[in-house]
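Worksheet: one structure, shown below.
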Amino acid sequence: MFIDFFYFMREKGFDISLSEWLTFTEALDKGLCNSNFTEFYYVSRMILVKSEADFDKYDGIFEEYFKGIKMDEEDSIDKFLKWLNKPDFDELQKELARNDLEGEALPIDLDKEEVLKKYHERLKEQNEEHNGGSQWIGTMGKSSFGNLGGHLGGVRIGGTTGYQSAFQVIGERKFRDFRNDKLLDNRQFQTALRRLRQFSTRLDIPKTELDIDQTIDKTCNNGGCLQIVFDRPRKNAVKLLMLMDSGGTMIPYSNLLNELFQSVHKSNHYKDVKTYYIHNCLYSKVYNTPECENGDWTDTEWLFKNLGSDYKVIIVGDAAMAPEELYSTTGNYRGPNGGLSGYEWLMQLKKKYKKVVWLNPKMAPGDAPWREAETVLKHEFHMYKLTVDGLNQAMSYLMVSR
């Protein structure tokens, strides 16, 4: 039963073992899905998906196999979502007021199959953003496709609901944010940073903290009879120095850096956190604020003298700089070099602090010859992409004692 579904998932690269599939078929044999398609989805996901990071991938495979919605079509919707999710509707309304709505809307009594057929036609034909009107996928028009328009019925794509009359919502992938390759937001930063608790040192004092995992294990092994296990409380022993690239090519990532800054400072996993800002590379001065204003800075040598080598260092930046900014002793066009090149300052940082990682929001795969500075720095530092998976790898490296 459903053996084709098994081979389909394997064909799509979904990691599923034969034992997991046998467990799933056993659940079907026992009627755990109650002949209900929704319950079938939840039971299959519970058994076959190992991590929440795979929820989005599984949803795509499930939709394609059972509903005929291909994954590559789902990915193409991302382009439309960028056009359709509008943060500033006041400006959009002003723009629409200057443009007449052309054409006629699809009739409201058009059947579902006909609407979906026309939607798929527009999906293939449309190659630019469209606001208003009645023909294309867009916002605030009379089309049957898009969001915040004046047409009753049809399908909503992205955005928020208006008349609540759409018979289908397309592009709503609830678990997209759990993917390991997605750039982080505040909630994901908090989730990833919570994992650092396991790396905190434990005080040499009596065991007074409830160990939930061990309590569950001991209780299960004790035939269900409650057996409470206590452990020593943790101590926040990690000291962190953050150097965040600001301005220039990092401007598109300003919100991301702000989320990271807030998440780190809200976290209770660190004994001390120091945050400074750089522009492209480390030089003789680090800035106290993200505006990177001349004079509002701290000597880099002061950091080396006053922040001990036990600090863990996180550099956040895209490493997008001209070669002279890295190698020349006059490469810092915004401030003093201090007689050394940016590369030499970074090597001093690496010599002082044994645990340094570099988080890059747009890291190129492999050694990219068109990104010379990034390629060089990849060989000098442990560089990770600023994603859920990348942050977890970086934190794991920082906390290894050797």
Side-chain angles (χ1 to χ4, degrees), residues 78 82 180-185 188-189 192 241-264 275-294 296-298 300 303 313-338 340-350 353 356-395 397-398:
D78 290 347
K82 292 179 182 178
N180 284 335
D181 60 346
K182 183 183 184 297
L183 287 177
L184 291 153
D185 56 24
Q188 292 170 312
F189 275 128
L241 169 61
M242 293 187 65
L243 300 175
M244 305 178 75
D245 189 359
S246 181
T249 56
M250 286 297 292
I251 290 177
Y253 304 100
S254 297
N255 290 336
L256 184 66
L257 296 189
N258 183 52
E259 301 284 6
L260 174 59
F261 177 87
Q262 292 186 41
S263 299
V264 169
T275 304
Y276 296 95
Y277 299 88
I278 60 176
H279 181 69
N280 289 346
C281 192
L282 178 67
Y283 299 108
S284 62
K285 308 286 186 181
V286 290
Y287 297 92
N288 300 321
T289 64
E291 288 75 22
C292 296
E293 295 181 354
N294 283 351
D296 189 11
W297 52 37
T298 299
T300 303
L303 293 185
V313 181
I314 299 177
I315 304 173
V316 186
D318 60 5
M321 65 189 88
E324 57 268 23
E325 291 181 84
L326 186 62
Y327 293 120
S328 174
T329 56
T330 59
N332 180 18
Y333 64 90
R334 297 184 59 136
N337 274 70
L340 300 176
S341 67
Y343 179 83
E344 290 171 315
W345 280 112
L346 287 171
M347 291 307 99
Q348 286 200 16
L349 176 79
K350 183 179 177 181
Y353 302 102
V356 183
V357 296
W358 194 303
L359 298 176
N360 191 330
K362 61 175 183 180
M363 184 171 70
D367 291 342
W370 62 90
R371 291 174 64 87
E372 179 181 337
E374 179 186 298
T375 299
V376 170
L377 295 173
K378 279 180 181 175
H379 291 279
E380 295 293 347
F381 296 96
H382 289 264
M383 186 178 289
Y384 305 90
K385 192 164 185 180
L386 192 51
T387 61
V388 178
D389 196 43
L391 180 62
N392 288 333
Q393 293 179 45
M395 295 303 107
Y397 168 74
L398 285 180

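Heavy atoms only: backbone and side chains are in, while hydrogens, waters and symmetry mates are out.
- One N or O on the side chain of Asn332 and one on the backbone of Pro336 form a donor-acceptor pair closer than 3.5 Å.
- Between Ile314 and Met395, the closest side-chain pair of non-hydrogen atoms falls below 4.5 Å.
- Here CE of Met244 is found 11.0 Å from SG of Cys292. Values are rounded to the nearest 0.5 Å.
- In terms of heavy-atom proximity, Ser284 sits nearest to Gly338 at OG-N, 3.6 Å.
- The minimum heavy-atom distance linking Val356 with Tyr397 is given by the pair O-CE2, 3.7 Å.
- The distance from the CD atom of Glu293 to the CZ atom of Arg334 is 9.5 Å, given to the nearest 0.5 Å.
- Side-chain contact check for His382 versus Leu398: every heavy-atom pair is 4.5 Å or farther apart.
- Within the 4.5 Å cutoff, the side chain of Met383 has heavy atoms near those of the Glu374 side chain.
- Proximity of a side-chain donor or acceptor of Lys378 to a complementary backbone N or O of Gly366 within less than 3.5 Å is detected.
- The CG atom of Asn392 sits 8.5 Å away from atom OG1 of Thr387, with the distance rounded to the nearest 0.5 Å.
- Between Ala373 and Ala319, the shortest heavy-atom contact is CB-O, 3.8 Å.
- With hydrogens and angles disregarded, a donor-acceptor distance shorter than 3.5 Å links the side chain of Lys350 to the backbone of Glu380.
- Residues Lys362 and Asn360 meet the side-chain proximity criterion, which asks for heavy atoms closer than 4.5 Å.
- Between Asp389 and Tyr384 the shortest side-chain heavy-atom distance does not fall below 4.5 Å.
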Test Leu377 against Met321 for side-chain contact (heavy atoms from CB on, under 4.5 Å), laying out the working first.
CA-CA 11 Å; Leu377 295 173; Met321 65 189 88; 4.1 Å; yes
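- Tested against Tyr287, the residues Ile278, Asp296, Asn294 include a single side chain to side chain contact (heavy atoms under 4.5 Å, CB included) partner, Asn294.
- The line from CG of Leu340 to OG1 of Thr300 is 10.0 Å long, rounded to the nearest 0.5 Å.
- Annotation: side chain of Leu282 is not in contact with side chain of Ile315 (no heavy-atom distance under 4.5 Å).
- Using modelled atom types, one side-chain atom of Trp345 and one backbone atom of Asn337 make a donor-acceptor pair closer than 3.5 Å.
- Using a 4.5 Å cut-off on side-chain heavy atoms (C-beta onward), Leu326 and Leu346 make contact.
- Between the side chain of Glu325 and the backbone N or O of Asn280 there is no donor-acceptor pair closer than 3.5 Å.
- Between the side chain of Thr275 and the backbone N or O of Met242, no donor-acceptor pair lies under 3.5 Å.
- What you find for His279 and Ser246 is that their closest heavy atoms are ND1-O, 2.9 Å.
- Scanning all heavy atoms of the two residues, the minimum distance from Leu386 to Pro361 falls at CB-CA, 3.8 Å.
- Note: Tyr343 and Tyr327 have tilted aromatic rings, judged against thresholds of 30 and 60 degrees for the angle between ring planes.
- Asn288 and Thr298 are linked by a side-chain donor-acceptor pair at a separation below 3.5 angstrom, with hydrogens and angles left out of the test.
- When all heavy atoms of Glu372 and Pro323 are compared, the pair lying nearest together is OE1-CG, 3.5 Å.
- In this structure, the side chain of Trp358 engages the main chain of Gly317 through a donor-acceptor pair within 3.5 Å.
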